2 protein chains.
Amino acid sequence: MKDTRSGQKERTRQKLIETALELSTQKGYSTLSLREVSIAAGITPAAFYRHFRDMEDLGLVLLDEVSGSLRRLLRDARRRVDESGRAVEVSIHAFMDFVNNNANHFQLLLGERQGGSVAFRKAIHSELDQFIGELTEDLEKTYMGRNEPLRHPAYTAEAIVAVIFTVGAEALTLPKHKQEHLVTRLIEEVKMILRGSKLTPRTPNEKSLSKRKNVVPKRP
Amino acid sequence: MKDTRSGQKERTRQKLIETALELSTQKGYSTLSLREVSIAAGITPAAFYRHFRDMEDLGLVLLDEVSGSLRRLLRDARRRVDESGRAVEVSIHAFMDFVNNNANHFQLLLGERQGGSVAFRKAIHSELDQFIGELTEDLEKTYMGRNEPLRHPAYTAEAIVAVIFTVGAEALTLPKHKQEHLVTRLIEEVKMILRGSKLTPRTPNEKSLSKRKNVVPKRP
DNA sequence: ATATTAGGTATACAACCGTTTACTGAAAAG
DNA sequence: CTTTTCAGTAAACGGTTGTATACCTAATAT
C-alpha cells in the first residue's frame with residue numbers, strides 16, 4: 001500500500017468526517033468540540049485545521065453526505081415501486097430501511113434541524129425542501145398516470161414528510177424487531193393523507209377496486 | 001415593597017428560569033452553561049446551586065412551564081370552537097397564536113426534542129404524547145357527535161400534530177405578517193388528513209353539504 | 001542529490017467551564 | 001436584643017476549550 005501524500009491526507013480527512021458523525025449521534029453535533037473530534041480521529045487538534053476551517057465547516061461537509069443518502073433513499077424507493085407496485089407500502093419499507101441503515105445521517109438531519117448554527121439550519125432546510133420537491137414530482141406523476149389527480153401535490157408531500165420523519169425519529173429509539181407497529185401505523189397515516197388529498201372520491205372501506213377509469217370530476 | 005427572604009428567593013428563581021428560556025432560543029438550551037445563565041440572571045455562579053441542582057434540573061422545571069402552555073393552547077382552541085364552530089380553522093388560528101405568543105416555549109419543545117439529555121428527551125416526549133392524547137379525545141368526541149366516526153382517531157391526531165408542529169417550526173422563522181400563507185397551507189393539510197381519516201366518504205369538491213345523516217358503514 | 005512543500009506534532013496561551021470552600025450581611029426566630 | 005438561618009459573594013481548584021506558534025519529517029519537485 002503506497003503512502004502518497006494526497007492519499008494519506010484524504011484518508012485522515014475521511015476519518016475526521018466519520019468520527020464526527022459517530023460522536024454526533026451520542027451527544028448532538030452542536031455540542032461536539034474540535035478537540036475531541038480530532039483526538040478521537042487520531043490526530044492533534046492543530047492538525048484539524050489542515051482539513052477544515054472549523055467545526056461548522058466539517059458539519060456542512062457532513063450534510064453533503066446526508067444529501068447523498070436522501071437521494072439514494074428516493075432512488076431505492078422508486079426502484080422498489082417499479083418492481084412491485086404497492087407504492088405506499090414499499091416506499092415506507094424503503095424509508096424504514098433508510099432510517100436503520102443510515103441512522104447516523106438521519107439523526108444528524110433531525111437533531112440539528114433546530115439546533116445548530118444558522119448556516120447549518122439553512123443547509124438542512126434546503127435539503128428537506130429538495131426532498132419534498134422530489135416527492136411532490138413523484139406524487140404528481142403517479143396520480144396523474146392513474147387519472148386520480150391530487151388537490152395539491154406539494155401540500156401532500158409536505159404532510160407525508162412531516163409524518164414519516166416523525167415516525168422515523170421514533171424508530172431510532174427502538175430496536176429493529178420492535179418497529180413493526182411503527183410500520184403499520186406509518187402506512188395507515190400516509191394512506192390517510194393520500195386519501196384525503198385525492199380530488200376523485202374513492203369508497204374508503206374497500207381496498208383497491210382500482211380500475212374505475214377516467215373519472216374526471218365535474219361540478220354539478 | 002417588602003423584602004421578605006422567601007419572596008426575594010422566589011424572585012431570583014424566576015429570573016433564572018426566565019433568562020434561561022430567553023438564552024435557550026438563541027443557541028439551544030443544551031449548549032447553555034450554568035455560568036452564563038447565572039451571570040445573565042444577575043447572580044454568582046455559586047448562587048445558582050441555592051435554586052437548582054444543575055442545568056438539567058432547571059430544564060425540567062422549564063418543561064413544566066411548557067406543559068402549562070400546551071394545556072392553555074388546548075383550552076383556548078376548545079373555547080374558540082365552542083363559540084364559533086369551524087373547528088379546523090379556529091383551532092389552527094389558536095395554534096398559530098400559541099406559536100407567536102409562546103415562541104420561546106414552543107422553540108424549546110422543538111429544539112430539545114432530539115437534542116438534550118436523556119431525562120430531557122423523555123420529558124418532552126411524554127409531554128407530546130399527552131398532547132396527542134388530548135387531541136385524540138377531542139377528535140373522537142367531535143366526529144362521533146356528527147355521526148362521522150374516524151377510522152383511527154389516534155393516528156389522525158398523530159399525523160395532525162406532526163404537521164402542525166412542522167409548520168409551527170417554520171412560522172418561528174417568519175415575522176407575523178408573513179405567515180398568512182402558512183395558515184392557509186396548514187388548514188388545507190389538516191383538512192386533507194381529516195378527510196382521509198373519515199370512515200364515511202364525503203364528496204370532496206363541495207364544501208359542507210354536511211347534513212347527510214346517520215350513514216353508518218356496512219360491509220357488503 | 002538537493003530544495004521545497006505540507007501533514008502532523010508539541011507546546012503554550014487566555015478564556016471559559018462546573019464545583020467547592022469560606023465568607024458576609026440581613027431577614028427571621030428566640 | 002441576641003442568635004440563628006440562609007441567599008448571595010469572592011476566590012480558588014482542576015479541567016476543557018479554540019487557536020497560534022515553532023518545529024519535525026517524509027513525500028514531492030527540481
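Heavy atoms only: backbone and side chains are in, while hydrogens, waters and symmetry mates are out. Quick caveat, the model's predicted, so the values are computed rather than measured. Just so we're on the same page: letters track the sequence lines, and every chain starts at 1.
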- Ile39(B) has an atom CD1; how far is it from atom C1' of dT9(D), in whole Å? 13 Å
- Any donor-acceptor pair under 3.5 Å joining the side chain of Arg35(A) to the base of dG18(D)? yes
- Query: Expressed in angstrom and rounded to an integer, what is the separation of Phe48(B) atom CZ from dT20(C) atom C1'?
  - Reply: 16 Å
- Message: Please pick, from dT19(C), dT19(D), dG7(C), the nucleotide with the shortest atom-to-atom distance to any side-chain atom of Pro45(A).
- Response: dT19(D)
- Provide, to the nearest angstrom, the distance between the OH atom belonging to Tyr49(B) and the C1' atom belonging to dG8(D). 15 Å
- Task: Flag yes if more than 12 heavy atoms outside Lys15(B) fall under 6.0 Å of its NZ atom; otherwise flag no.
- Result: no
- Between CD of Gln8(A) and P of dG8(C) the distance, given in whole Å, is 6 Å
- Task: Could you check how far CZ of Arg11(A) sits from C1' of dG7(C), rounded to whole Å?
- Result: 13 Å
- Query: Can you check whether Ser33(A) has a side-chain N or O nearer than 4.0 Å to OP1 or OP2 of dT16(D)?
  - Reply: no
- Message: Nearest whole Å is fine: how far is dA7(D) P from His51(B) NE2?
- Response: 7 Å
- Message: On DNA chain C, does the nearest nucleotide to Leu34(B) precede the nearest nucleotide to Ile43(A) from the 5' side, or the other way round? Give the residue.
- Response: Ile43(A)
- Query: Tell me: CD of Glu36(B) to P of dG18(C), nearest whole Å?
  - Reply: 8 Å
- Message: Are more than 12 heavy atoms, taken from residues, nucleotides or ligands other than His152(B), located less than 6.0 Å from that residue's NE2 atom?
- Response: yes
- Item | Derivation and outcome, side-chain hydrogen bond (donor to acceptor under 3.5 Å, both in side chains), residues Ser67(A) and Arg71(A) | CA-CA 6 Å; Ser67(A) 171; Arg71(A) 249 178 264 280; 3.2 Å; yes
- Item | Neighbour count >12 (heavy atoms, 6.0 Å) for atom CZ, Arg79(A) | yes
- With DNA chain D as reference, determine whether Arg5(B) or Arg50(B) sits nearer its 5' end, using the nearest nucleotide of each. Arg5(B)
- Parallel, tilted or perpendicular: ring planes of Tyr155(A) versus His181(B), cut at 30 and 60 degrees: tilted
- Message: Without decimals, in angstroms, what is the distance between Leu32(A) CG and dT17(D) P?
- Response: 10 Å
- OP1 or OP2 of dA27(C) under 4.0 Å from side-chain N/O of Thr4(B): no
- Query: Should Thr12(B) be listed as having a side-chain N or O under 4.0 Å from OP1 or OP2 of dG8(D)?
  - Reply: yes
